[in-house]
Amino acid sequence: MIPAFFLPFQGDAFMKSDMYSKFAQQYDDAVQDNIYNAQLERPTLQSMLDAIEGKDIIDLGCGSGIYAEYFLAHHARSVTCIDFSDDMVAIVKRKFGDKVHAYQQDLSKGLPKEPNASFDLAVSPLVLHYIEDLNGVFKDVHRVLKPGGYLAFSTHHPFADFECTTTGNYFDRELVREEWNTVGEPVQVAFYRRSLAEITDAITDAGFTITQISEGKIAKEAKLICEETYERLRNQPNFIFFKCKK
């Protein structure tokens, strides 16, 4: 990871990074075939999903709509896309029009526009580390899922993020600010470092049962992009993936 520095807690305002607003289009271009998203995160999380056909799905932190495209290609009955960034929502609407229902929503405030028991599946790819308090999020996701529905999500691996600690206490929650070069130039991004126990407690306290955990597997094709990064991701965890049933 890029060396980080730390800030006092300031809620979830840092979710509005230039990465996902000013550089939204560049981000969409970059994540189509990069290592972290295309060769690690998406193959792993998508492998954990049940059959998509005929399902009602909500994409929590839809970004530029790459998962929405996957759901539509696999014949989901309906796809709802929400994101904190208006710019990302605009890209999704431009790509898919009325094939999806897309709107801006701060996920840390829950899902106030969605009725109870509306979805078969909620997916959240690499979003929850931007939210300070996971308890309210998981509880509202549980509310909007149908009986027997499930949540599948990815987030930063707590062991990978621990190298960013300044307190030295693994169990502290810390707000980390880093510069990432995902879009081809350094962009400031902030996220929350937290323990594995904090994540799992929030899941189970919301009423979910954890049915699968994965630490991801980097695709061999990533070696052609950057052998050094491929070898690091092959030997060290970077993301963690959960499947949780209502």
Side-chain angles (χ1 to χ4, degrees), residues 27-29 31-34 36-85 88-105 107 110-128 137-155 203 206-222 239-246:
Y27 177 86
D28 182 38
D29 295 338
V31 299
Q32 298 292 332
D33 56 6
N34 67 355
Y36 289 95
N37 298 89
Q39 306 295 337
L40 176 56
E41 194 281 331
R42 289 201 297 275
T44 303
L45 190 59
Q46 289 173 4
S47 73
M48 298 169 69
L49 303 180
D50 299 335
I52 298 300
E53 186 172 359
K55 302 301 183 182
D56 297 309
I57 302 172
I58 186 165
D59 188 346
L60 308 170
C62 61
S64 58
I66 293 178
Y67 269 85
E69 184 176 12
Y70 175 82
F71 298 142
L72 291 172
H74 287 77
H75 309 293
R77 180 165 62 181
S78 70
V79 179
T80 298
C81 299
I82 70 166
D83 201 276
F84 188 86
S85 166
M88 289 297 186
V89 171
I91 291 175
V92 170
K93 288 182 176 180
R94 186 167 67 247
K95 283 183 178 181
F96 306 114
D98 60 5
K99 293 180 181 178
V100 304
H101 175 49
Y103 64 95
Q104 192 278 338
Q105 175 64 44
L107 187 56
L111 299 164
K113 297 181 181 179
E114 303 301 335
N116 296 347
S118 302
F119 301 100
D120 300 290
L121 165 62
V123 170
S124 187
L126 298 179
V127 172
L128 296 178
V137 175
F138 285 133
K139 288 177 181 177
D140 221 28
V141 173
H142 188 275
R143 176 185 65 79
V144 303
L145 284 172
K146 300 174 185 178
Y150 67 102
L151 163 67
F153 72 91
S154 57
T155 190
I203 293 170
F208 284 107
T209 299
I210 299 171
T211 58
Q212 186 178 357
I213 299 176
S214 172
E215 293 173 298
K217 184 176 181 180
I218 185 69
K220 292 181 180 179
E221 291 79 3
F239 304 139
I240 192 165
F241 304 78
F242 291 86
K243 186 176 183 178
C244 313
K245 186 177 181 179
K246 178 173 178 177

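Each residue takes its place number in the sequence, starting with 1.
What you find for Cys244 and Phe153 is that their closest heavy atoms are SG-CE2, 4.0 Å. Among all heavy-atom pairs drawn from Gly54 and Asp120, the shortest one is O-OD2, 4.4 Å. Between Asp83 and Gly63, the shortest heavy-atom distance links the atoms OD2-N, 2.8 Å. Minimum interatomic distance between Pro43 and Asn37 (heavy atoms only, all atoms of both residues): CD-O, 3.9 Å. Contact record, Lys245 with Tyr150: CA-CB, 4.0 Å, taken as the closest heavy-atom pair. Of all heavy-atom pairs spanning Ser214 and Thr44, the tightest one is OG-CG2, 3.5 Å.
For Thr211, the side-chain hydrogen bond (donor to acceptor under 3.5 Å, both in side chains) test picks out no residue, with sequence neighbours left out. For the ring pair (Phe, Tyr, Trp, His ring centres under 6.0 Å) test, no residue two or more places apart in sequence or in another chain qualifies with Tyr36. For His75, there are no ring pair (Phe, Tyr, Trp, His ring centres under 6.0 Å) partners, not counting sequence neighbours. Under the side-chain hydrogen bond (donor to acceptor under 3.5 Å, both in side chains) criterion, Asn116 pairs with Arg143, sequence neighbours left out. Under the rule for a side-chain hydrogen bond (donor to acceptor under 3.5 Å, both in side chains), the partners of Thr155 that lie at least two apart in sequence or sit in another chain are His129. Taking Phe208 as the reference, His142 meet the ring pair (Phe, Tyr, Trp, His ring centres under 6.0 Å) condition, with sequence neighbours excluded. Residues satisfying the salt bridge (charged side-chain N to carboxylate O under 4.0 Å, His left out) test with Arg77, not counting sequence neighbours, are Asp56. Not counting sequence neighbours, the partners of Lys243 by the salt bridge (charged side-chain N to carboxylate O under 4.0 Å, His left out) test are Asp50. The side-chain contact (heavy atoms from CB on, under 4.5 Å) check on Ala222 picks up Ile35, Gln39, Ile218, Tyr230, with sequence neighbours excluded. Partners of Phe119 under the ring pair (Phe, Tyr, Trp, His ring centres under 6.0 Å) rule, at least two apart in sequence or in another chain, do not exist in this structure. With sequence neighbours left out, the side-chain hydrogen bond (donor to acceptor under 3.5 Å, both in side chains) criterion links Lys55 to no other residue.
In this structure, NZ in Lys95 is found 3.5 Å from CG in Asp28, a value given to the nearest 0.5 Å. The distance from the NE2 atom of His101 to the NZ atom of Lys113 is 7.0 Å, given to the nearest 0.5 Å. In this structure, Ile91 CD1 and Ser85 OG are separated by 7.5 Å, a value rounded to the nearest 0.5 Å. Atoms CD and CG, on Gln212 and Leu49 in that order, are 9.5 Å from each other to the nearest 0.5 Å. If you take OG on Ser124 and CZ on Phe242, they are separated by 12.5 Å, rounding to the nearest 0.5 Å.
Side chains of Val92 and Val89 form no contact here, defined as non-hydrogen atoms less than 4.5 Å apart. Contact annotation: the side chain of Ser64 never approaches that of Asp29 to less than 4.5 Å [non-hydrogen atoms, C-beta and beyond]. Residues Ile58 and Val141 have side chains not in contact (no heavy-atom distance under 4.5 Å, counting atoms from C-beta outward).
At distances below 3.5 Å, not a single donor-acceptor pair connects side-chain atoms of Asp140 with backbone N or O atoms of Val144. Formation of a donor-acceptor pair under 3.5 Å by the Gln104 side chain with backbone atoms of Phe84 is found in this model. A donor-acceptor distance shorter than 3.5 angstrom exists from the side chain of Ser154 to the backbone of Leu126, with no hydrogens or angles considered.
The side chain to side chain contact (heavy atoms under 4.5 Å, CB included) with Leu60 is formed by just one residue from the set Leu111, Thr80, Val127; it is Leu111.
Note on ring orientation: taking the six-membered ring where Trp is involved, the planes of Phe239 and Phe241 are perpendicular (angle over 60°, cut-offs 30° and 60°).
When the shell of 6.0 Å around NZ of Lys99 is examined, it contains 12 or fewer heavy atoms from other residues, nucleotides or ligands.
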Determine all donor-acceptor pairs shorter than 3.5 Å in which one atom belongs to a side chain in residues 65-74; sequence neighbours excluded.
unit_1	atom_1	unit_2	atom_2	d
Tyr67	OH	Glu41	OE1	2.9
Tyr67	OH	Glu41	OE2	3.1
His74	ND1	Tyr70	O	2.9

